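First the structure, in the form of structure tokens, and then the observations on it.
A quick note: this is a predicted structure, and the numbers were derived from the prediction, not measured. Counting begins at 1 with the first residue of the sequence. These numbers come from the heavy atoms of this one structure, side chains and all, not from hydrogens, waters or symmetry mates.
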Amino acid sequence: MTTMDLAVAIELVGDEVRSRYFGDDVPNSLALEMLREGNDHRDVDQARAAGIFSPALADAHHQVIAADEEELAEAMERLELVDAVRLVGDDLRAGENDPTATDELAVHLARCDTDPDGLAAELAEGEIAGERAAAYQHVLAAGDEEITAALQLNAAITAARAALRPAQRCAEPQ
């Protein structure tokens, strides 16, 4: 299993935990902790047999349960950059009022901004602050290979989510 595969599995498991139990405010780290402390492979197999998990979602759970701490840490680190890329993309789409702008375009624009009154000034002056500032700083500090890997991982996550039709993600609790 590659780090990318594990990161996709973490995201799918996080989606499932958020949708089933706690809503959008649950970070993947908490979802992982809950899964790994309270479940084992038998539990996942039982949920799959009962129709609670689709085969793909059960596989994602198995991957997360089987991973060691080092593998999880590496995958979570990659997901942090993916989250930053998404936030920079969301910021561009909202700020430019262009819902079709891609995350790739947003990252490119942020990394190529040479306007002295542009991004660097907005970060320095606190016009961009908090989580948004942290996302921009993460994207700006990342190397080209890291950004390329984050964009590829984001695309893989999007494809995996699309493959899990809403009815297949998880069954409603009985």
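Contact detail for Arg132 and Asp91: the closest heavy-atom pair is NE-OD1, 2.8 Å. Listed here is the closest heavy atom pair of Arg48 and Ala58: CD-CB, 3.7 Å. Minimum heavy-atom separation, Gly89 to Ala106: CA-CB, 3.5 Å. When all heavy atoms are compared, the tightest approach of Val8 to Ala160 is CG1-CB, 3.6 Å. For the pair Ala60 and Ala9, the tightest heavy-atom approach, listed with the atom from each and the gap, is O-CB, 3.7 Å. When all heavy atoms are compared, the tightest approach of Leu140 to Ala110 is CD2-O, 3.4 Å.
Side-chain atoms of Asp113 come within 3.5 Å of backbone N or O of Leu119 as a donor-acceptor pair. Arg161 places no side-chain N or O within 3.5 Å of a backbone atom of Glu11 that could act as its donor or acceptor partner. A side-chain donor-acceptor contact under 3.5 Å links Glu71 to the backbone of Asp68. Not a single donor-acceptor pair under 3.5 Å links the side chain of Arg86 to the backbone N or O of Asp103.
If you take OH on Tyr136 and CG on Leu123, they are separated by 8.0 Å, rounding to the nearest 0.5 Å. Atom-to-atom distance recorded for His61:NE2 and Glu16:CD is 4.0 Å, nearest 0.5 angstrom. To the nearest 0.5 angstrom, Glu69 atom CD is 11.0 Å from Met76 atom CE. Between the CZ atom of Arg78 and the CG atom of Asp83 there is a distance of 14.0 Å, given to the nearest 0.5 Å. Note that CG of Leu87 and CG of Leu92 are 11.5 Å apart. Values are rounded to the nearest 0.5 Å. A distance of 5.5 Å separates CD of Glu104 from CG of Leu151, quoted to the nearest 0.5 Å.
Only one option out of Leu79, Val64, Val13, Leu72 pairs with Asn28 in a side-chain contact (heavy atoms from CB on, under 4.5 Å); it is Leu79.
The neighbour count for His108 NE2, taken as heavy atoms of other residues, nucleotides or ligands under 6.0 Å away, does not exceed 12. When the shell of 6.0 Å around CD of Glu131 is examined, it contains 12 or fewer heavy atoms from other residues, nucleotides or ligands.
Salt bridge annotation for Arg42-Asp45: absent, with no cationic side-chain nitrogen under 4.0 angstrom from a carboxylate oxygen. Salt bridge present: Arg93 and Asp90 bring a charged side-chain N and a carboxylate O closer than 4.0 Å.
Under the side chain to side chain donor-acceptor pair (under 3.5 Å) criterion, Thr3 pairs with Glu74, not counting sequence neighbours.
Both Ile10 and Phe53 belong to a common hydrophobic cluster when Ile, Leu, Val, Met, Phe, Trp and Tyr are linked at side-chain heavy-atom distances under 4.5 angstrom. By the rule that hydrophobic residues join a cluster once side-chain heavy atoms approach within less than 4.5 Å of another member, Met4 and Ile147 end up as members of separate clusters. A single hydrophobic cluster is seen to contain both Leu57 and Ile52, as judged by linkage of ILVMFWY side chains at heavy-atom distances under 4.5 Å, directly or through other members.
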